[in-house]
4 protein chains.
Amino acid sequence: MTQTPRSVGRPRNAEHSELARQAALDLLQEQGYASISMEAVAERTGIAKQTLYRRWKHKRALILDAFAEQADKLPMLPTSVGPEEELQAFIRGTCRTLTGQCGRTNRALMAEALQSPEFLVEFRERHLTKRRRQLRGILERQRPGLEDQRLETLVDLILGPIWYRLLVQNAPLDEAFADVLAQQALATVAQT
Amino acid sequence: MTQTPRSVGRPRNAEHSELARQAALDLLQEQGYASISMEAVAERTGIAKQTLYRRWKHKRALILDAFAEQADKLPMLPTSVGPEEELQAFIRGTCRTLTGQCGRTNRALMAEALQSPEFLVEFRERHLTKRRRQLRGILERQRPGLEDQRLETLVDLILGPIWYRLLVQNAPLDEAFADVLAQQALATVAQT
Amino acid sequence: MTQTPRSVGRPRNAEHSELARQAALDLLQEQGYASISMEAVAERTGIAKQTLYRRWKHKRALILDAFAEQADKLPMLPTSVGPEEELQAFIRGTCRTLTGQCGRTNRALMAEALQSPEFLVEFRERHLTKRRRQLRGILERQRPGLEDQRLETLVDLILGPIWYRLLVQNAPLDEAFADVLAQQALATVAQT
Amino acid sequence: MTQTPRSVGRPRNAEHSELARQAALDLLQEQGYASISMEAVAERTGIAKQTLYRRWKHKRALILDAFAEQADKLPMLPTSVGPEEELQAFIRGTCRTLTGQCGRTNRALMAEALQSPEFLVEFRERHLTKRRRQLRGILERQRPGLEDQRLETLVDLILGPIWYRLLVQNAPLDEAFADVLAQQALATVAQT
DNA sequence: CTGTAAGCGAGACGGTACGTCAAGTCTTTAG
DNA sequence: CTAAAGACTTGACGTACCGTCTCGCTTACAG
């Protein structure tokens with residue numbers, strides 16, 4: 001284990017982390033991404049700025065953490081459906097999740113990520129990977145034995161249009177769209 | 001006509017706009033997006049800050065303008081190829097263009113756009129639309145009579161993976177990827 | 001002669017000078033000294049800034065001019081009173097004049113004058129001298145043959161308390177004060 | 001007591017206040033009043049602008065503070081002289097003090113004061129009052145039992161000519177002038 | 001039970017940039 | 001040559017956050 005729980009000195013107040021994360025998310029919802037500032041989080045929560053910086057190296061780190069924690073709470077998609085409908089279910093579920101607050105937060109995080117490569121990496125690892133891996137699993141089950149790179153590209157072909165609509169086009173991720181996408185995906189998988 | 005040549009008062013120094021735009025792009029390349037600031041542009045060009053603010057309401061406006069103007073200069077993709085290869089040529093060309101400086105600039109602009117909805121709208125209209133329309137034309141020629149919404153979705157399915165790799169995955173937009181994408185696109189179009 | 005009226009080219013619009021002066025005074029009254037700016041005068045009158053600068057070298061020059069012109073319109077004090085009461089009448093009159101708008105304007109001009117020695121000189125010459133000379137005349141008539149420097153000092157002794165109250169103490173220049181001052185002045189003159 | 005020493009948070013760096021005040025006075029001497037700017041003080045001292053604004057709300061506040069602190073250091077006039085000469089000594093001393101740098105600074109502060117009533121009030125309270133009270137004490141000792149208003153007017157009659165010469169006439173405050181003024185003052189006091 | 005090693009609130013601090021304002025000058029076209 | 005319009009340079013304004021740095025105080029485990 002890596003911890004060495006550091007039992008010397010006054011322990012950190014566990015509530016604080018949660019409070020700060022929540023404040024960051026609240027600010028995001030209420031007044032948009034630009035209004036998230038360490039200053040604002042500190043004021044809103046009553047936590048001293050220094051305390052924030054002790055726990056998160058950057059503003060970025062806090063924001064990422066706030067989001068990742070929230071996203072972890074999201075229910076995983078059911079995988080108990082039949083092998084055929086599994087893909088469609090995943091796509092529908094993803095679209096549904098990204099419609100609403102969660103989508104907006106993802107956009108905010110991407111804003112940050114586009115300004116800082118390290119943040120992007122961390123963002124992917126802490127958050128995006130999970131879903132991506134799930135999708136990969138679905139595809140593997142449908143077409144076993146596909147080589148790695150091919151699989152990754154397939155994943156991109158499916159997630160790409162969703163994120164494109166979310167980030168660039170700001171277009172609705174409705175069921176109709178999800179189904180067209182799913183249909184195309186199935187066809188592509190079949191042909192591979 | 002939209003001009004109304006406004007011949008009253010001292011005319012704006014035409015060089016300035018160009019200088020400022022160029023400085024913004026230079027800063028972007030040299031030190032990354034975060035280093036673009038009105039202050040820096042002013043100092044670098046010798047143009048007074050006030051003059052910059054007279055021409056562009058925000059830092060954002062300048063950045064957008066700088067990029068849009070540059071992008072307009074990019075050569076259009078050749079459309080003289082046969083109807084079949086046209087789509088592939090478009091996808092390959094787009095991927096090639098977005099590899100390198102142009103891609104980096106687009107990412108920077110998206111960073112801005114994700115923080116400001118109006119900016120996003122303007123970004124799309126001033127820059128993205130052109131290419132999007134071109135792709136739409138290609139698809140229309142291949143499958144005439146398709147209804148509007150269907151067509152738009154098709155466009156999303158093609159551009160989506162490209163932008164996803166550019167923005168989110170930061171993955172290479174190489175020829176292999178372009179060709180897989182093109183192949184899938186052709187199949188989808190055929191099935192429609 | 002100084003004229004050579006310069007009849008070539010478009011003649012100056014005579015109204016303008018008056019308009020600008022008036023605007024300056026209006027601004028002074030309405031929003032205080034700090035709000036007088038060439039910019040504001042130009043906007044308010046519709047006169048181009050350049051035109052203002054063509055007629056008055058500085059903002060200061062305009063302000064001074066505006067005030068001097070107004071002050072010239074003030075009625076001179078009656079000198080027809082008997083030699084004894086003449087001094088008292090002068091002091092009372094001066095106090096009365098400096099109570100109200102005129103006093104406020106004088107304070108504004110002094111604000112300017114304290115920042116620019118040349119302005120102070122001009123201010124004295126164009127405006128203050130007149131009254132000062134009048135007072136000097138009164139004193140001369142009462143004590144003929146006094147040497148110049150002595151006379152000047154006497155004038156300072158009389159005007160000093162008035163301006164001190166106006167500028168520094170911001171205290172009322174009421175009749176009671178005027179009369180104490182006059183009484184002291186008479187005594188001093190008598191003793192000289 | 002009024003202190004409440006405020007021991008919370010990082011204490012202010014005491015040197016800074018002194019440095020800033022000194023810089024303000026230096027600028028005043030070196031390049032005149034107009035050259036005093038927060039920007040210049042910040043640069044010259046190496047103190048961040050924000051720090052200056054944290055301590056002094058306005059440029060005016062800093063200037064006033066700078067001056068008041070300096071003026072407090074000026075030696076008080078000796079009051080040990082005989083009751084008769086006391087007044088003369090005070091007047092001579094005041095004139096001497098106001099000749100030179102101190103006078104120039106006072107003029108600069110009055111320039112500011114004439115543009116801002118609140119500043120004038122503060123200027124009087126923080127600086128002028130002290131000397132005024134001293135003079136009042138002298139007069140009271142010479143003519144005990146005089147009513148308040150009468151006393152105040154007497155003070156105006158004495159200080160008035162001095163400030164008039166300082167501010168308006170820009171005339172020398174030499175000993176000759178001081179003595180004429182003192183002589184008049186004594187006569188007036190005697191007659192009261 | 002007492003160091004000593006954190007954590008914590010408060011708030012000062014050096015920076016960097018923001019967007020605004022006014023002064024005084026310059027450059028057009030129109031009269 | 002004057003006027004209106006408005007661009008331009010210069011220099012300062014006051015504000016907002018960033019991330020860092022002290023203070024005085026408060027927990028906790030360790031000797």
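These numbers come from the heavy atoms of this one structure, side chains and all, not from hydrogens, waters or symmetry mates. Every value quoted in this text rests on a predicted model; they were computed, and no experiment measured them. Lettering follows sequence order; numbering is per chain, from 1.
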### Rounded distance in Å - CD1 (I36(A)) to P (dA16(F))
19 Å

### Task
Go through dC8(E), dC13(E), dG19(F) for me and flag the one nearest to the K49(A) side chain.
dG19(F)

### Message
Given dA3(F), dC17(F), dC8(E), identify the nucleotide with an atom nearest to the side chain of H16(C).
### Response
dA3(F)

## Note on the structure
CZ (R21(B)) and CZ (F67(B)) are apart, to the nearest 0.5 Å, by 13.5 Å

### Task
Scan nucleotides 25-31 of chain F nucleotide by nucleotide, 5' to 3', and note B when protein non-hydrogen atoms come under 4.0 Å of the base, S if they reach only the sugar-phosphate, - if neither.
-BBSS--

#### Entry: Rounded distance (Å) that lies between atom C1' of dA23(E) and atom NZ of K59(C)
8 Å

### Message
Using whole Å, what does the distance between atom P of nucleotide dG19(F) and atom CZ of R55(A) come to?
### Response
18 Å

#### Entry: Pairing of R44(C) and E30(C) as salt bridge, 4.0 angstrom limit
yes

### Heavy-atom closest contact (L167(D) atom, R107(D) atom, distance)
O-NH2, 3.4 Å

#### Entry: Residue pair I47(B) / H16(B): nearest heavy atoms and the distance that separates them
CD1-O, 3.6 Å

### Sugar-phosphate only, base, or nothing, as touched by T51(B) at under 4.0 Å among non-hydrogen atoms
base

### Query
When all nucleic acid strands are considered with a 4.0 Å heavy-atom cut-off, which category describes R60(A): base, sugar-phosphate, or nothing?
nothing

### Query
Do S17(B) and R12(B) pass the side-chain hydrogen bond (donor to acceptor under 3.5 Å, both in side chains) test, and can you show the C-alpha distance, the side-chain angles, and the key distance before you say yes or no?
CA-CA 9 Å; S17(B) 298; R12(B) 292 186 170 178; over 6 Å; no

### Summary
Among the nucleotides dT9(F), dA23(E), dG19(E), whichever has the atom closest to the side chain of Y53(B) is dG19(E)

### Gap between atoms NZ and C1', on K57(D) and dG14(F) respectively (whole Å)
10 Å

#### Entry: 5' priority, DNA chain E, between A34(B) and N13(D) [closest heavy atom]
N13(D)

### Query
If every non-hydrogen atom of R60(D) is compared with every non-hydrogen atom of F119(D), which pair is closest and at what distance?
O-CE1, 3.2 Å

### Query
Is a side-chain N or O of S35(A) found less than 3.5 angstrom from the main chain of G32(A), in a donor-acceptor match?
yes

### Task
Would you mind telling me which of dG14(F), dT15(F), dC18(F) lies closest to the side-chain atoms of M38(D)?
dG14(F)

### Task
Please state how far atom CH2 in W56(B) lies from atom P in dT20(E), giving the value in whole angstrom units.
16 Å

### Query
When the nearest nucleotide of DNA chain E is assigned to Q50(D) and to E39(C) on a heavy-atom basis, which residue is associated with the more 5' position?
Q50(D)

### Query
Rounding to a whole Å, what distance do you find between L27(B):CG and dA17(E):C1'?
14 Å

### Query
At under 4.0 Å between heavy atoms, what does R54(D) touch on the DNA or RNA strands: base, sugar-phosphate, or nothing?
base

### Task
Round to the nearest Å and state the distance from R12(B) atom CZ to dC26(E) atom C1'.
16 Å

### Atom-pair distance (CG on L62(D); C1' on dG14(F)), nearest Å
14 Å

